[in-house]
**Student:** 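Pasting a structure below so you can have a look.
For ligands, and for the atoms within them, numbers begin at 1 and follow the listed sequence.
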Amino acid sequence: MYNLVINLTSVSLKNISKRFKNAESDAVSNVDLTIENKEFLVILGPSGSGKSSLLRLIAGLEESTSGEIYFGNELMNDVSPRERDVSMVFQNFALFPNMTVFENIAFPIRASGKDTTNLGDEVKRIASLLQIENLLKRKPGALSGGEQQRVSLGRAIIKKPKIFLMDEPLSNLDASLRAELRAEIKKLHKKLGITFIYVTHDQTEAMTMADRIALIKDGKILQVDKPEKIYNSPNQSWIGSFLGSPPMNLIHSVNSGNSLIIASQKINFKSSVKSNKVVVGIRPEKIYITSEKGRLTGSVLSTEYLGDSKIINVKLDDYIIKVKVPNDSVFSNDHVINLDFSDNDIRLFDIDGKHLG
Ligand code: ADP
Ligand code: MG
């Protein structure tokens with residue numbers, strides 16, 4: 001196992017904002033976020049939500065418009081990127097095409113003018129950690145995408161950073177390679193024992209890799225929680241519809257505290273929520289189709305085959321509800337079916353999308 005001698009570092013962002021010149025709104029807006037020592041934090045959000053900007057602020061590649069960034073207790077605002085002791089890995093690998101794999105990995109040490117006495121051994125150890133020992137003499141052009149990304153990981157590791165920053169490092173790889181490298185990066189995190197901050201728009205990456213996910217939209221952090229928590233108990237309906245495939249069903253309903261009227265059908269449902277008008281959220285995989293009397297009745301509109309499962313689109317009044325069922329279930333169109341679910345799987349939001357209970 002490859003051990004590094006490093007200082008462990010938490011990262012605290014205090015009310016950080018970034019507005020680019022001539023922009024009408026903040027790319028990053030009043031972000032308060034603490035990333036713990038050794039944590040694997042994933043910043044997840046749609047394209048343009050401010051993920052890269054936030055990461056670049058942490059790296060020191062952008063200057064914040066306001067707010068403070070701390071590594072441990074140390075204020076970093078005026079510390080140069082080089083002195084921040086972070087390594088960053090990008091989507092496009094950014095390798096030097098004319099250098100061999102060996103030279104690419106060795107580059108940060110050579111460029112920094114550090115002692116190169118044991119550099120050869122160091123590069124070999126890192127290459128072995130990443131299973132690319134046999135590629136050291138090749139140039140990037142003679143490598144697959146996955147191999148190139150391993151090289152850029154190697155180049156990031158050799159700097160012995162305190163913090164590892166990754167910006168969509170797997171987005172240029174095909175699906176099976178992505179799955180393989182997801183696991184590799186998790187292993188690397190364990191071995192290196194340092195703080196990882198990983199940016200992605202891909203919910204599968206976020207769910208599988210994160211200790212905690214920070215959900216970002218329009219430059220604002222909406223929720224920071226463990227993957228299970230953020231998936232099961234989103235604090236906003238928008239998160240329910242951003243996560244999950246298909247996303248959470250959201251239905252405008254009337255709440256009395258003892259009942260809900262969902263798509264003109266009244267069901268018993270006890271809640272302490274006071275609002276009369278609510279949005280009911282329920283995930284497609286939490287709804288059951290039953291031959292007994294269900295709590296809701298609808299008609300089958302269409303069926304989508306997903307391979308490992310099927311989605312039944314069920315018409316309830318003006319709504320189309322998605323229900324996820326086993327892939328061998330058969331329901332013909334226009335068939336009237338009964339739906340059931342557990343009260344525990346119901347989420348209530350206000351009409352602005354804020355979680356109520
Ligand atoms: P993401 O990485 O989530 O796709 P970015 O952080 O790249 O989002 O961008 C957030 C917002 O900031 C976008 O509206 C983008 O157009 C804007 N932006 C990013 N970089 C710059 C820049 N250098 N100059 C001006 N606007 C920028
Ligand atoms: Mg980006």
Side-chain angles (χ1 to χ4, degrees), residues 11-33 35 40-69 76-77 80-81 84 86-95 145 148-149 152-153 155-156 161 163-175 177-178 181-182 185 195-210 212-225 227 230-231 234-236 238-245 247:
V11 176
S12 300
L13 309 178
K14 305 224 188 273
N15 207 17
I16 282 285
S17 294
K18 172 71 186 178
R19 181 171 299 208
F20 288 102
K21 211 173 155 206
N22 300 327
E24 282 168 16
S25 59
D26 290 345
V28 172
S29 178
N30 302 107
V31 166
D32 277 306
L33 178 64
I35 301 132
F40 197 121
L41 182 99
V42 174
I43 299 169
L44 172 67
S47 175
S49 57
K51 303 181 297 296
S52 296
S53 301
L54 188 55
L55 205 65
R56 291 170 60 80
L57 285 164
I58 297 170
L61 300 171
E62 298 289 353
E63 202 177 323
S64 63
T65 312
S66 60
E68 283 129 39
I69 299 182
M76 301 308 282
N77 287 45
S80 73
R84 288 193 190 194
V86 303
S87 277
M88 196 147 162
V89 172
F90 302 91
Q91 177 177 348
N92 61 8
F93 318 138
L95 298 174
Q148 288 186 50
Q149 195 54 299
S152 61
L153 288 170
R155 192 178 54 185
I163 301 161
F164 218 146
L165 306 175
M166 313 183 102
D167 193 351
E168 314 231 15
L170 307 184
S171 295
N172 280 351
L173 306 177
D174 64 40
L177 255 181
R178 278 209 298 273
L181 272 163
R182 278 200 316 253
I185 290 173
T195 309
F196 273 44
I197 307 176
Y198 185 106
V199 158
T200 185
H201 68 276
D202 181 320
Q203 54 173 303
T204 307
E205 281 177 26
M207 289 294 157
T208 54
M209 300 173 88
R212 286 188 308 159
I213 295 172
L215 218 310
I216 187 170
K217 181 185 180 232
D218 300 332
K220 296 187 182 69
I221 300 283
L222 302 184
Q223 186 170 0
V224 187
D225 263 316
I230 216 162
Y231 185 80
N235 65 14
Q236 298 197 19
W238 182 84
I239 298 176
S241 59
F242 181 68
L243 297 178
S245 56

**Student:** Quick one: CG on Leu33 to CD1 on Ile43, what's the gap to the nearest 0.5 Å?
**Tutor:** 6.5 Å

**Student:** Counting only N and O atoms by type, is there a donor-acceptor contact under 3.5 Å from the side chain of Arg84 to the main-chain atoms of Met76?
**Tutor:** yes

**Student:** Out of Ser52, Gly219, Gly48, who is nearest to atom 10 (C) of ligand 1 when you count heavy atoms only?
**Tutor:** Gly48

**Student:** Considering non-hydrogen atoms of the protein only, which is the closest contact for atom 19 (C) of ligand 1, and what is the distance?
**Tutor:** Phe20 CE1, 3.5 Å

**Student:** If I compare all heavy atoms of Ala59 with all of Met88, which pair ends up nearest, and what's the gap?
**Tutor:** CB-SD, 3.9 Å

**Student:** Assess Ser47: does it contribute an N, O or S atom lying under 2.8 Å from the Mg ion (ligand 2)?
**Tutor:** no

**Student:** Is Ala23 touching ligand 1 with its side chain, its backbone, both, or neither, if touching means heavy atoms under 4.0 Å apart?
**Tutor:** neither

**Student:** For a quick test of reading the model, state the closest non-hydrogen atom pair linking Phe20 to Ala27 and the distance between them.
**Tutor:** CE1-CB, 3.6 Å

**Student:** Under 4.0 Å and counting heavy atoms only, is there anything from the protein next to atom 6 (O) of ligand 1?
**Tutor:** yes

**Student:** Determine if the distance from atom 25 (C) of ligand 1 to the closest protein heavy atom is below 4.0 Å.
**Tutor:** yes

**Student:** Report yes if the side chains of Leu57 and Ile69 come closer than 4.5 Å at any heavy-atom pair, otherwise no.
**Tutor:** yes

**Student:** Which option, Gly50, Ser47, Ser53, Pro46, owns the non-hydrogen atom nearest atom 8 (O) of ligand 1?
**Tutor:** Gly50

**Student:** Taking Glu62 first and then Arg56, would you say they form a salt bridge - that is, a charged N and a carboxylate O separated by under 4.0 Å?
**Tutor:** yes

**Student:** Is there a donor-acceptor contact under 3.5 Å from the side chain of Asn15 to the main chain of Gly67?
**Tutor:** no

**Student:** Heavy-atom distance to atom 12 (O) of ligand 1: which of Ser25, Ser49, Gly45, Ala27 wins?
**Tutor:** Ala27

**Student:** Quick test: of every protein heavy atom, which one is nearest to atom 3 (O) of ligand 1, and how far off is it to 0.1 Å?
**Tutor:** Lys51 NZ, 2.8 Å

